[in-house]
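For the numbers below, each heavy atom of this structure counts, side chains included, while hydrogens, waters and symmetry mates do not. Below, chain A is the first sequence line, B the second, and so on; all start at residue 1.
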Protein chains: 2
Amino acid sequence: MTNQHYGQFCGLARAAEIVGQRWTLLILRDLSVGPRRYSDLVAGLPGIPTNTLASRLKELEDEGIVERAAPAGAERSVVYALTPRGQELGPALDALSRWGAGGMRTPREGEIVTTSSITAALRVAAGDGVVPSDWDTTYNVRVGDIETHVVMRDGRVTADPGLLEDPDLEIVAGPGIRNLLAGTLSPQDALATGVVQIQGDPALFERFAQALHVPYSANVAEPQPAASAAG
Amino acid sequence: MTNQHYGQFCGLARAAEIVGQRWTLLILRDLSVGPRRYSDLVAGLPGIPTNTLASRLKELEDEGIVERAAPAGAERSVVYALTPRGQELGPALDALSRWGAGGMRTPREGEIVTTSSITAALRVAAGDGVVPSDWDTTYNVRVGDIETHVVMRDGRVTADPGLLEDPDLEIVAGPGIRNLLAGTLSPQDALATGVVQIQGDPALFERFAQALHVPYSANVAEPQPAASAAG
DNA sequence: CGGAATCCCTCAAGATACTG
DNA sequence: CAGTATCTTGAGGGATTCCG
(Lines give C-alpha, C1' and ligand atoms only; values in the text may rest on other atoms or scores of the structure.)
Protein backbone atom coordinates (compact mmCIF):
# COMPACT_ATOMS: atom_id res chain seq x y z
CA MET A 1 0.00 0.00 0.00
CA THR A 2 2.53 2.58 -1.06
CA ASN A 3 0.36 5.24 -2.53
CA GLN A 4 -2.54 5.51 -0.18
CA HIS A 5 -5.01 3.09 -1.67
CA TYR A 6 -8.43 3.22 -0.13
CA GLY A 7 -9.55 -0.16 -1.37
CA GLN A 8 -12.73 1.17 -2.91
CA PHE A 9 -13.78 0.91 -6.54
CA CYS A 10 -14.92 4.52 -6.58
CA GLY A 11 -13.98 7.48 -8.73
CA LEU A 12 -13.55 9.78 -5.80
CA ALA A 13 -11.41 7.26 -3.95
CA ARG A 14 -9.19 6.85 -6.98
CA ALA A 15 -8.89 10.61 -7.32
CA ALA A 16 -8.15 10.93 -3.62
CA GLU A 17 -5.31 8.46 -3.92
CA ILE A 18 -3.61 10.93 -6.23
CA VAL A 19 -4.64 14.44 -5.28
CA GLY A 20 -4.71 13.49 -1.61
CA GLN A 21 -0.93 13.18 -1.62
CA ARG A 22 0.81 16.10 -0.06
CA TRP A 23 1.87 18.86 -2.43
CA THR A 24 0.31 17.11 -5.41
CA LEU A 25 -2.50 19.61 -5.88
CA LEU A 26 -0.06 22.50 -5.84
CA ILE A 27 2.28 20.77 -8.25
CA LEU A 28 -0.64 20.22 -10.58
CA ARG A 29 -1.71 23.84 -10.21
CA ASP A 30 1.73 25.05 -11.23
CA LEU A 31 1.84 22.68 -14.17
CA SER A 32 -1.66 23.70 -15.21
CA VAL A 33 -0.33 27.19 -15.84
CA GLY A 34 2.28 25.79 -18.21
CA PRO A 35 5.23 23.41 -18.50
CA ARG A 36 7.79 23.85 -15.76
CA ARG A 37 11.30 22.77 -15.01
CA TYR A 38 12.16 21.07 -11.77
CA SER A 39 13.77 24.22 -10.44
CA ASP A 40 10.76 26.29 -11.42
CA LEU A 41 8.61 23.99 -9.34
CA VAL A 42 10.98 24.16 -6.39
CA ALA A 43 10.95 27.94 -6.58
CA GLY A 44 7.18 28.12 -6.87
CA LEU A 45 6.50 25.76 -3.99
CA PRO A 46 8.38 27.19 -1.03
CA GLY A 47 8.89 24.56 1.60
CA ILE A 48 8.57 21.49 -0.57
CA PRO A 49 11.32 18.97 0.14
CA THR A 50 13.19 18.12 -3.01
CA ASN A 51 12.74 14.42 -2.48
CA THR A 52 9.01 14.87 -2.10
CA LEU A 53 8.86 16.80 -5.35
CA ALA A 54 10.89 14.16 -7.11
CA SER A 55 8.64 11.43 -5.71
CA ARG A 56 5.47 13.23 -6.73
CA LEU A 57 6.69 13.87 -10.24
CA LYS A 58 7.61 10.22 -10.61
CA GLU A 59 4.27 9.06 -9.28
CA LEU A 60 2.38 11.47 -11.49
CA GLU A 61 4.41 10.34 -14.44
CA ASP A 62 3.63 6.71 -13.63
CA GLU A 63 -0.04 7.61 -13.42
CA GLY A 64 0.09 9.18 -16.86
CA ILE A 65 -0.77 12.61 -15.49
CA VAL A 66 2.57 14.32 -16.02
CA GLU A 67 5.20 13.80 -18.67
CA ARG A 68 8.88 14.62 -18.75
CA ALA A 69 9.88 16.39 -21.92
CA ALA A 70 13.23 14.90 -22.87
CA PRO A 71 16.05 17.42 -22.84
CA ALA A 72 16.45 17.60 -26.61
CA GLY A 73 19.80 18.65 -28.00
CA ALA A 74 21.50 21.60 -26.39
CA GLU A 75 18.55 22.07 -24.04
CA ARG A 76 19.78 20.62 -20.80
CA SER A 77 16.62 21.28 -18.83
CA VAL A 78 13.99 18.65 -18.18
CA VAL A 79 10.52 20.09 -18.60
CA TYR A 80 7.44 18.70 -16.88
CA ALA A 81 4.01 19.14 -18.40
CA LEU A 82 0.52 17.82 -17.95
CA THR A 83 -0.55 15.00 -20.22
CA PRO A 84 -4.05 15.05 -21.73
CA ARG A 85 -5.16 12.96 -18.80
CA GLY A 86 -3.62 15.51 -16.49
CA GLN A 87 -5.39 18.32 -18.27
CA GLU A 88 -8.68 16.55 -17.65
CA LEU A 89 -8.12 17.43 -14.01
CA GLY A 90 -8.73 21.08 -14.88
CA PRO A 91 -12.42 21.20 -13.93
CA ALA A 92 -11.70 19.50 -10.61
CA LEU A 93 -8.84 21.87 -9.81
CA ASP A 94 -11.01 24.81 -10.74
CA ALA A 95 -13.85 23.62 -8.55
CA LEU A 96 -11.51 23.11 -5.62
CA SER A 97 -9.95 26.53 -6.21
CA ARG A 98 -13.34 28.19 -6.19
CA TRP A 99 -14.36 26.45 -3.03
CA GLY A 100 -11.13 27.31 -1.29
CA ALA A 101 -11.24 30.87 -2.52
CA GLY A 102 -14.75 31.23 -1.15
CA GLY A 103 -13.38 30.54 2.30
CA MET A 104 -10.41 32.90 2.08
CA ARG A 105 -10.58 36.15 3.93
CA THR A 106 -7.18 37.66 4.63
CA PRO A 107 -3.78 36.02 4.28
CA ARG A 108 -2.61 34.10 7.30
CA GLU A 109 0.67 34.97 8.93
CA GLY A 110 3.43 34.36 6.43
CA GLU A 111 1.22 33.37 3.53
CA ILE A 112 2.53 34.36 0.17
CA VAL A 113 1.38 34.40 -3.41
CA THR A 114 3.32 32.94 -6.29
CA THR A 115 3.31 33.54 -10.00
CA SER A 116 1.45 30.30 -10.58
CA SER A 117 -1.06 30.91 -7.81
CA ILE A 118 -1.95 34.34 -9.14
CA THR A 119 -2.08 33.20 -12.73
CA ALA A 120 -4.20 30.19 -11.87
CA ALA A 121 -6.46 32.36 -9.72
CA LEU A 122 -6.95 34.84 -12.54
CA ARG A 123 -7.80 32.01 -14.93
CA VAL A 124 -10.32 30.60 -12.52
CA ALA A 125 -11.68 34.10 -11.99
CA ALA A 126 -12.20 34.36 -15.73
CA GLY A 127 -14.74 31.54 -15.49
CA ASP A 128 -15.54 30.34 -19.00
CA GLY A 129 -13.19 33.01 -20.30
CA VAL A 130 -15.81 34.68 -22.46
CA VAL A 131 -15.93 38.47 -22.69
CA PRO A 132 -17.55 40.82 -25.22
CA SER A 133 -15.82 40.34 -28.52
CA ASP A 134 -15.20 44.04 -28.97
CA TRP A 135 -12.96 44.19 -25.92
CA ASP A 136 -9.32 44.48 -26.81
CA THR A 137 -7.48 45.29 -23.62
CA THR A 138 -4.20 44.25 -22.05
CA TYR A 139 -3.32 44.46 -18.37
CA ASN A 140 -0.18 44.03 -16.37
CA VAL A 141 -0.98 42.79 -12.88
CA ARG A 142 1.54 42.99 -10.05
CA VAL A 143 0.73 41.49 -6.69
CA GLY A 144 3.63 42.03 -4.38
CA ASP A 145 6.62 41.13 -6.48
CA ILE A 146 4.62 38.75 -8.65
CA GLU A 147 4.20 39.76 -12.27
CA THR A 148 1.38 38.53 -14.45
CA HIS A 149 -0.69 39.85 -17.30
CA VAL A 150 -4.24 39.53 -18.55
CA VAL A 151 -5.39 39.89 -22.12
CA MET A 152 -8.98 40.37 -23.25
CA ARG A 153 -9.21 39.86 -26.97
CA ASP A 154 -11.33 38.05 -29.55
CA GLY A 155 -14.00 37.49 -26.95
CA ARG A 156 -11.65 35.62 -24.65
CA VAL A 157 -9.76 36.52 -21.51
CA THR A 158 -6.44 34.85 -20.77
CA ALA A 159 -3.93 35.16 -17.94
CA ASP A 160 -0.24 34.32 -18.07
CA PRO A 161 2.94 34.89 -16.12
CA GLY A 162 5.22 37.80 -16.87
CA LEU A 163 4.64 41.37 -17.98
CA LEU A 164 3.62 42.86 -21.30
CA GLU A 165 5.60 45.55 -23.04
CA ASP A 166 2.96 48.21 -23.35
CA PRO A 167 -0.27 47.26 -21.57
CA ASP A 168 -3.38 49.39 -21.63
CA LEU A 169 -3.53 49.35 -17.85
CA GLU A 170 -1.02 48.71 -15.10
CA ILE A 171 -2.45 47.26 -11.91
CA VAL A 172 -0.46 47.09 -8.69
CA ALA A 173 -1.98 45.58 -5.58
CA GLY A 174 -1.51 43.31 -2.61
CA PRO A 175 -3.42 40.16 -1.77
CA GLY A 176 -6.35 42.45 -0.94
CA ILE A 177 -7.09 42.48 -4.66
CA ARG A 178 -8.94 39.30 -3.83
CA ASN A 179 -11.70 41.39 -2.26
CA LEU A 180 -12.09 43.26 -5.51
CA LEU A 181 -12.50 40.05 -7.44
CA ALA A 182 -14.84 38.70 -4.78
CA GLY A 183 -17.08 41.70 -5.17
CA THR A 184 -16.73 42.73 -1.54
CA LEU A 185 -14.75 45.80 -2.59
CA SER A 186 -15.86 48.05 -5.40
CA PRO A 187 -13.34 49.18 -8.01
CA GLN A 188 -13.84 52.75 -6.79
CA ASP A 189 -13.16 51.82 -3.18
CA ALA A 190 -10.23 49.68 -4.17
CA LEU A 191 -8.62 52.74 -5.75
CA ALA A 192 -9.79 55.19 -3.11
CA THR A 193 -8.40 53.12 -0.25
CA GLY A 194 -5.18 52.43 -2.06
CA VAL A 195 -5.73 48.67 -1.96
CA VAL A 196 -5.14 48.78 -5.69
CA GLN A 197 -3.16 51.30 -7.67
CA ILE A 198 -3.56 51.69 -11.39
CA GLN A 199 -1.85 53.50 -14.18
CA GLY A 200 -4.18 54.09 -17.09
CA ASP A 201 -7.87 54.51 -17.78
CA PRO A 202 -10.01 53.72 -14.69
CA ALA A 203 -12.77 52.49 -17.02
CA LEU A 204 -10.47 49.64 -18.03
CA PHE A 205 -10.05 48.82 -14.36
CA GLU A 206 -13.80 48.51 -13.97
CA ARG A 207 -13.82 46.23 -16.98
CA PHE A 208 -11.17 44.14 -15.26
CA ALA A 209 -13.31 43.81 -12.15
CA GLN A 210 -16.31 43.09 -14.30
CA ALA A 211 -14.71 40.19 -16.16
CA LEU A 212 -12.98 38.46 -13.26
CA HIS A 213 -14.76 36.98 -10.29
CA VAL A 214 -13.75 34.72 -7.46
CA PRO A 215 -16.36 33.26 -5.10
CA TYR A 216 -16.95 34.55 -1.61
CA SER A 217 -18.78 32.13 0.60
CA ALA A 218 -21.25 33.54 3.09
CA ASN A 219 -21.12 30.27 4.99
CA VAL A 220 -17.62 30.49 6.36
CA ALA A 221 -17.31 30.09 10.10
CA GLU A 222 -14.84 32.60 11.44
CA PRO A 223 -12.16 30.93 13.55
CA GLN A 224 -12.46 31.84 17.25
CA PRO A 225 -13.44 35.53 17.11
CA ALA A 226 -13.28 37.71 20.22
CA ALA A 227 -15.57 36.03 22.70
CA SER A 228 -18.23 38.76 22.62
CA ALA A 229 -20.97 39.15 20.02
CA ALA A 230 -19.30 38.38 16.74
CA GLY A 231 -20.82 39.30 13.38
CA MET B 1 2.05 23.38 11.21
CA THR B 2 -0.43 20.78 12.36
CA ASN B 3 -2.82 20.65 9.49
CA GLN B 4 -0.58 20.81 6.49
CA HIS B 5 -0.49 24.50 5.74
CA TYR B 6 1.13 25.33 2.45
CA GLY B 7 1.83 28.94 3.28
CA GLN B 8 0.17 30.25 0.16
CA PHE B 9 -2.74 32.66 -0.06
CA CYS B 10 -4.42 30.58 -2.74
CA GLY B 11 -7.82 28.97 -2.97
CA LEU B 12 -6.45 25.68 -4.17
CA ALA B 13 -3.85 25.61 -1.41
CA ARG B 14 -6.51 26.27 1.20
CA ALA B 15 -8.67 23.53 -0.27
CA ALA B 16 -5.70 21.17 -0.37
CA GLU B 17 -5.05 21.74 3.31
CA ILE B 18 -8.44 20.19 3.98
CA VAL B 19 -9.22 17.67 1.27
CA GLY B 20 -5.57 16.66 1.07
CA GLN B 21 -5.82 15.05 4.48
CA ARG B 22 -6.08 11.30 4.36
CA TRP B 23 -9.61 9.91 4.35
CA THR B 24 -11.17 13.35 4.32
CA LEU B 25 -12.51 13.12 0.77
CA LEU B 26 -14.14 9.79 1.50
CA ILE B 27 -15.62 11.05 4.74
CA LEU B 28 -17.08 14.00 2.85
CA ARG B 29 -18.39 11.67 0.16
CA ASP B 30 -20.24 9.59 2.71
CA LEU B 31 -21.64 12.68 4.41
CA SER B 32 -22.67 14.12 1.05
CA VAL B 33 -25.05 11.20 0.65
CA GLY B 34 -26.70 12.08 3.93
CA PRO B 35 -26.12 12.53 7.67
CA ARG B 36 -24.23 9.66 9.26
CA ARG B 37 -23.42 8.38 12.68
CA TYR B 38 -19.88 7.68 13.74
CA SER B 39 -20.42 3.95 13.42
CA ASP B 40 -21.97 4.38 9.98
CA LEU B 41 -18.81 6.13 8.87
CA VAL B 42 -16.60 3.45 10.37
CA ALA B 43 -18.61 0.79 8.59
CA GLY B 44 -18.54 2.63 5.27
CA LEU B 45 -14.81 3.32 5.34
CA PRO B 46 -13.15 -0.05 5.83
CA GLY B 47 -9.63 0.38 7.08
CA ILE B 48 -9.97 3.82 8.60
CA PRO B 49 -8.41 4.00 12.05
CA THR B 50 -10.98 5.18 14.54
CA ASN B 51 -8.69 7.84 15.90
CA THR B 52 -8.12 9.17 12.41
CA LEU B 53 -11.86 9.38 11.84
CA ALA B 54 -12.30 11.17 15.15
CA SER B 55 -9.54 13.61 14.26
CA ARG B 56 -10.96 14.31 10.84
CA LEU B 57 -14.44 14.90 12.14
CA LYS B 58 -13.09 17.31 14.73
CA GLU B 59 -11.02 19.15 12.17
CA LEU B 60 -13.91 19.36 9.74
CA GLU B 61 -16.12 20.61 12.52
CA ASP B 62 -13.56 23.26 13.43
CA GLU B 63 -13.45 24.29 9.78
CA GLY B 64 -17.21 24.70 9.71
CA ILE B 65 -17.60 21.95 7.11
CA VAL B 66 -19.25 19.32 9.28
CA GLU B 67 -21.57 19.68 12.22
CA ARG B 68 -22.42 17.34 15.04
CA ALA B 69 -26.13 17.04 15.61
CA ALA B 70 -26.64 17.04 19.35
CA PRO B 71 -28.04 13.79 20.69
CA ALA B 72 -31.46 15.21 21.54
CA GLY B 73 -33.54 13.44 24.17
CA ALA B 74 -33.74 9.69 24.01
CA GLU B 75 -31.62 9.64 20.87
CA ARG B 76 -28.16 8.82 22.08
CA SER B 77 -26.56 8.74 18.69
CA VAL B 78 -24.41 11.62 17.49
CA VAL B 79 -25.11 12.44 13.88
CA TYR B 80 -22.65 14.16 11.58
CA ALA B 81 -23.82 16.21 8.63
CA LEU B 82 -22.42 18.67 6.15
CA THR B 83 -22.89 22.33 6.93
CA PRO B 84 -23.85 24.72 4.11
CA ARG B 85 -20.16 25.42 3.68
CA GLY B 86 -19.57 21.69 3.42
CA GLN B 87 -22.30 21.33 0.85
CA GLU B 88 -20.54 23.94 -1.26
CA LEU B 89 -17.88 21.30 -1.78
CA GLY B 90 -20.35 19.34 -3.89
CA PRO B 91 -19.20 20.59 -7.29
CA ALA B 92 -15.57 19.91 -6.41
CA LEU B 93 -16.33 16.40 -5.15
CA ASP B 94 -18.34 15.74 -8.29
CA ALA B 95 -15.56 16.97 -10.54
CA LEU B 96 -13.02 14.81 -8.73
CA SER B 97 -15.36 11.82 -8.90
CA ARG B 98 -15.79 12.25 -12.62
CA TRP B 99 -12.09 12.54 -13.19
CA GLY B 100 -11.35 9.50 -11.09
CA ALA B 101 -14.15 7.53 -12.67
CA GLY B 102 -12.75 8.32 -16.09
CA GLY B 103 -9.57 6.53 -15.12
CA MET B 104 -11.22 3.46 -13.65
CA ARG B 105 -11.16 0.27 -15.62
CA THR B 106 -11.66 -2.82 -13.50
CA PRO B 107 -11.53 -3.10 -9.72
CA ARG B 108 -8.11 -3.70 -8.30
CA GLU B 109 -7.46 -6.69 -6.10
CA GLY B 110 -9.63 -6.40 -3.02
CA GLU B 111 -11.43 -3.24 -4.02
CA ILE B 112 -14.98 -3.01 -2.82
CA VAL B 113 -17.98 -0.78 -3.27
CA THR B 114 -19.97 0.70 -0.44
CA THR B 115 -23.49 2.01 -0.15
CA SER B 116 -22.22 5.56 -0.13
CA SER B 117 -19.83 5.05 -3.03
CA ILE B 118 -22.56 3.58 -5.21
CA THR B 119 -25.11 6.18 -4.22
CA ALA B 120 -22.67 9.02 -4.77
CA ALA B 121 -21.63 7.52 -8.10
CA LEU B 122 -25.23 7.26 -9.24
CA ARG B 123 -25.83 10.88 -8.26
CA VAL B 124 -22.78 12.01 -10.15
CA ALA B 125 -23.88 9.86 -13.08
CA ALA B 126 -27.19 11.68 -13.05
CA GLY B 127 -25.37 14.88 -13.94
CA ASP B 128 -27.73 17.82 -13.51
CA GLY B 129 -30.40 15.32 -12.54
CA VAL B 130 -32.81 16.38 -15.26
CA VAL B 131 -34.83 13.78 -17.13
CA PRO B 132 -37.97 14.03 -19.25
CA SER B 133 -40.79 15.10 -17.01
CA ASP B 134 -43.06 12.28 -18.15
CA TRP B 135 -40.71 9.65 -16.77
CA ASP B 136 -42.02 8.07 -13.61
CA THR B 137 -39.86 5.08 -12.90
CA THR B 138 -38.34 3.51 -9.82
CA TYR B 139 -35.34 1.18 -9.73
CA ASN B 140 -33.74 -0.98 -7.12
CA VAL B 141 -30.03 -1.33 -7.79
CA ARG B 142 -27.94 -4.03 -6.15
CA VAL B 143 -24.20 -4.13 -6.67
CA GLY B 144 -22.77 -7.03 -4.77
CA ASP B 145 -24.47 -6.84 -1.40
CA ILE B 146 -24.99 -3.08 -1.68
CA GLU B 147 -28.57 -1.92 -1.95
CA THR B 148 -29.57 1.40 -3.47
CA HIS B 149 -32.47 2.77 -5.43
CA VAL B 150 -33.00 5.33 -8.16
CA VAL B 151 -36.16 7.32 -8.76
CA MET B 152 -36.99 9.25 -11.93
CA ARG B 153 -39.93 11.50 -11.30
CA ASP B 154 -41.06 15.09 -11.88
CA GLY B 155 -38.25 15.57 -14.34
CA ARG B 156 -35.60 14.71 -11.77
CA VAL B 157 -33.51 11.64 -11.05
CA THR B 158 -32.42 10.89 -7.50
CA ALA B 159 -30.39 8.11 -5.92
CA ASP B 160 -30.48 6.99 -2.31
CA PRO B 161 -29.41 4.09 -0.13
CA GLY B 162 -31.73 1.20 0.58
CA LEU B 163 -34.35 -0.60 -1.42
CA LEU B 164 -37.85 0.36 -2.49
CA GLU B 165 -40.89 -1.77 -1.78
CA ASP B 166 -42.16 -2.29 -5.27
CA PRO B 167 -39.82 -0.86 -7.91
CA ASP B 168 -40.57 -0.86 -11.60
CA LEU B 169 -37.26 -2.56 -12.32
CA GLU B 170 -34.83 -4.61 -10.27
CA ILE B 171 -31.20 -4.35 -11.33
CA VAL B 172 -28.54 -6.72 -10.03
CA ALA B 173 -24.95 -6.32 -11.13
CA GLY B 174 -21.32 -6.29 -10.11
CA PRO B 175 -18.85 -3.45 -10.41
CA GLY B 176 -18.94 -4.09 -14.16
CA ILE B 177 -22.09 -2.01 -14.23
CA ARG B 178 -19.62 0.84 -14.45
CA ASN B 179 -18.99 -0.09 -18.09
CA LEU B 180 -22.66 0.25 -18.80
CA LEU B 181 -22.75 3.73 -17.32
CA ALA B 182 -19.53 4.59 -19.13
CA GLY B 183 -21.08 3.69 -22.44
CA THR B 184 -18.47 1.05 -23.20
CA LEU B 185 -21.08 -1.68 -22.76
CA SER B 186 -24.51 -1.47 -24.34
CA PRO B 187 -27.58 -2.30 -22.29
CA GLN B 188 -28.19 -5.23 -24.59
CA ASP B 189 -24.69 -6.59 -24.15
CA ALA B 190 -24.83 -6.01 -20.44
CA LEU B 191 -27.84 -8.27 -20.26
CA ALA B 192 -26.62 -10.75 -22.85
CA THR B 193 -23.28 -11.27 -21.11
CA GLY B 194 -24.86 -11.46 -17.70
CA VAL B 195 -22.90 -8.49 -16.41
CA VAL B 196 -26.26 -7.10 -15.37
CA GLN B 197 -29.41 -8.98 -14.53
CA ILE B 198 -32.77 -7.30 -14.47
CA GLN B 199 -36.25 -8.15 -13.41
CA GLY B 200 -38.83 -6.07 -15.24
CA ASP B 201 -39.22 -4.25 -18.53
CA PRO B 202 -35.95 -4.10 -20.52
CA ALA B 203 -37.06 -0.75 -21.93
CA LEU B 204 -36.80 0.70 -18.45
CA PHE B 205 -33.28 -0.63 -18.26
CA GLU B 206 -32.38 1.24 -21.43
CA ARG B 207 -33.88 4.35 -19.89
CA PHE B 208 -31.66 3.78 -16.87
CA ALA B 209 -28.57 3.59 -19.05
CA GLN B 210 -29.75 6.60 -20.98
CA ALA B 211 -30.13 8.83 -17.93
CA LEU B 212 -26.97 7.87 -16.07
CA HIS B 213 -23.48 8.43 -17.36
CA VAL B 214 -20.03 8.26 -15.86
CA PRO B 215 -17.00 9.50 -17.82
CA TYR B 216 -14.53 7.19 -19.50
CA SER B 217 -11.23 8.81 -20.30
CA ALA B 218 -9.50 7.79 -23.50
CA ASN B 219 -6.27 9.24 -22.14
CA VAL B 220 -5.57 6.73 -19.43
CA ALA B 221 -2.14 5.13 -19.56
CA GLU B 222 -2.39 1.45 -18.79
CA PRO B 223 -0.09 0.47 -15.95
CA GLN B 224 3.01 -1.46 -17.05
CA PRO B 225 1.83 -3.46 -20.07
CA ALA B 226 3.98 -6.27 -21.44
CA ALA B 227 7.39 -4.81 -22.04
CA SER B 228 7.11 -4.85 -25.85
CA ALA B 229 5.78 -2.05 -28.03
CA ALA B 230 3.40 -0.21 -25.77
CA GLY B 231 0.73 2.17 -27.08
C1' DC C 1 23.90 24.72 -12.48
C1' DG C 2 19.72 22.03 -12.80
C1' DG C 3 17.99 17.54 -11.26
C1' DA C 4 17.75 14.74 -8.29
C1' DA C 5 19.39 10.66 -4.49
C1' DT C 6 20.58 9.96 0.45
C1' DC C 7 20.43 10.58 5.30
C1' DC C 8 18.23 11.60 9.51
C1' DC C 9 14.39 12.88 12.26
C1' DT C 10 9.66 14.00 13.33
C1' DC C 11 5.02 13.52 13.31
C1' DA C 12 0.77 11.99 10.92
C1' DA C 13 -1.51 8.00 10.30
C1' DG C 14 -2.22 2.68 10.85
C1' DA C 15 -3.46 -1.01 14.22
C1' DT C 16 -5.42 -2.47 18.34
C1' DA C 17 -7.09 -2.13 22.90
C1' DC C 18 -9.81 0.03 25.99
C1' DT C 19 -13.24 3.33 28.31
C1' DG C 20 -17.22 6.90 29.22
C1' DC D 1 -22.27 3.73 20.44
C1' DA D 2 -18.77 7.02 20.32
C1' DG D 3 -14.99 7.83 20.88
C1' DT D 4 -9.83 7.93 23.70
C1' DA D 5 -5.28 5.66 24.73
C1' DT D 6 -1.21 3.47 23.35
C1' DC D 7 2.09 1.77 20.37
C1' DT D 8 4.05 1.20 15.84
C1' DT D 9 5.09 2.46 11.16
C1' DG D 10 6.32 5.11 7.33
C1' DA D 11 5.50 9.31 4.67
C1' DG D 12 7.12 13.67 4.62
C1' DG D 13 10.15 17.73 6.31
C1' DG D 14 15.00 19.47 6.19
C1' DA D 15 19.73 19.44 4.95
C1' DT D 16 23.34 17.73 2.50
C1' DT D 17 25.52 15.28 -1.20
C1' DC D 18 25.91 13.57 -5.69
C1' DC D 19 25.60 13.32 -10.73
C1' DG D 20 25.54 14.77 -15.74
Side-chain angles (χ1 to χ4, degrees), chain A residues 1-8 13 16-28 30-31 35-63 66-81 110, chain B residues 1-8 13 16-28 30-31 35-63 66-81 110:
Chain A
M1 197 185 282
T2 67
N3 216 15
Q4 176 64 347
H5 285 199
Y6 287 105
Q8 299 196 5
E17 291 170 4
I18 295 175
V19 305
Q21 296 288 107
R22 292 191 168 167
W23 290 102
T24 294
L25 277 171
L26 295 197
I27 293 169
L28 292 171
D30 279 26
L31 292 179
R36 292 283 180 271
R37 291 172 303 170
Y38 190 91
S39 52
D40 297 331
L41 292 168
V42 170
L45 301 169
I48 192 174
T50 75
N51 53 358
T52 297
L53 176 57
S55 299
R56 290 296 170 273
L57 288 171
K58 200 162 295 178
E59 292 159 11
L60 290 170
E61 195 185 352
D62 290 345
E63 297 283 347
V66 161
E67 62 190 353
R68 290 167 54 109
E75 283 296 336
R76 53 176 52 259
S77 53
V78 180
V79 172
Y80 294 89
Chain B
M1 197 186 284
T2 66
N3 214 15
Q4 175 65 349
H5 286 199
Y6 288 105
Q8 299 196 5
E17 291 170 4
I18 295 174
V19 304
Q21 297 287 108
R22 292 191 169 166
W23 291 103
T24 294
L25 276 171
L26 294 197
I27 293 169
L28 292 171
D30 278 25
L31 291 179
R36 292 283 180 271
R37 290 173 304 170
Y38 191 91
S39 51
D40 296 332
L41 292 169
V42 170
L45 300 170
I48 192 173
T50 74
N51 51 359
T52 297
L53 176 57
S55 299
R56 291 294 170 275
L57 288 171
K58 201 163 296 180
E59 292 159 11
L60 290 170
E61 195 185 352
D62 290 345
E63 296 283 346
V66 162
E67 61 189 355
R68 289 168 53 109
E75 283 296 335
R76 53 174 53 260
S77 53
V78 180
V79 172
Y80 293 89

Kindly point out which of dA2(D), dG13(D), dG3(C) is positioned nearest to the side chain of Ser39(B)?
dA2(D)

Interatomic distance where CG belongs to Leu45(A) and C1' belongs to dG13(D) [whole Å]
14 Å

I want to check one thing: is the phosphate of dT4(D), taken as OP1 and OP2, less than 4.0 Å away from some side-chain N or O of Lys58(B)?
yes

Grab the CD1-C1' distance between Ile27(B) and dA13(C) for me, whole Å please.
12 Å

Report yes if at least one side-chain N or O of Arg56(B) is closer than 4.0 Å to OP1 or OP2 of dA13(C); otherwise report no.
yes

Closest non-hydrogen atom pair, Thr24(B) against Ile18(B):
CG2-O, 3.5 Å

Whole Å only: how far is the CD atom of Glu61(B) from the P atom of dA2(D)?
14 Å

Should stems be defined as at least three consecutive Watson-Crick or G-U pairs with both distances under 3.5 angstrom, which of them involve DNA chain C?
C:1-19 with D:2-20

Checking Ala16(B) now: which residues fulfil side chain to side chain contact (heavy atoms under 4.5 Å, CB included) with it, not counting sequence neighbours?
Leu25(A), Tyr6(B)

Find the distance Tyr80(B):OH to dA2(D):C1' and express it as a whole number of Å.
7 Å

Separation of dA13(C) P from Leu57(B) CG (nearest whole Å)
14 Å

Length of the CG-P vector between Leu53(B) and dA12(C), whole Å:
17 Å

Sub-3.5 Å pairs of nitrogen or oxygen atoms, protein against nucleotides 6-8 of chain C:
| unit_1 | atom_1 | unit_2 | atom_2 | d |
| --- | --- | --- | --- | --- |
| dC7(C) | N4 | Asn51(A) | ND2 | 3.4 |

Going by heavy atoms in the side chains, are Arg37(B) and Tyr80(B) under 4.5 Å from each other?
no

Residue-phosphate contact under 4.0 Å: Ser77(B) side-chain N/O, dC1(D) OP1/OP2:
no

N/O donor-acceptor pair under 3.5 Å between Arg56(A) side chain and Arg22(A) backbone
yes

OP1 or OP2 of dG13(D) under 4.0 Å from side-chain N/O of Trp23(A):
yes

With respect to the phosphate group of dG12(D), does any side-chain polar atom (N or O) of Thr52(A) fall under 4.0 Å of OP1 or OP2?
no

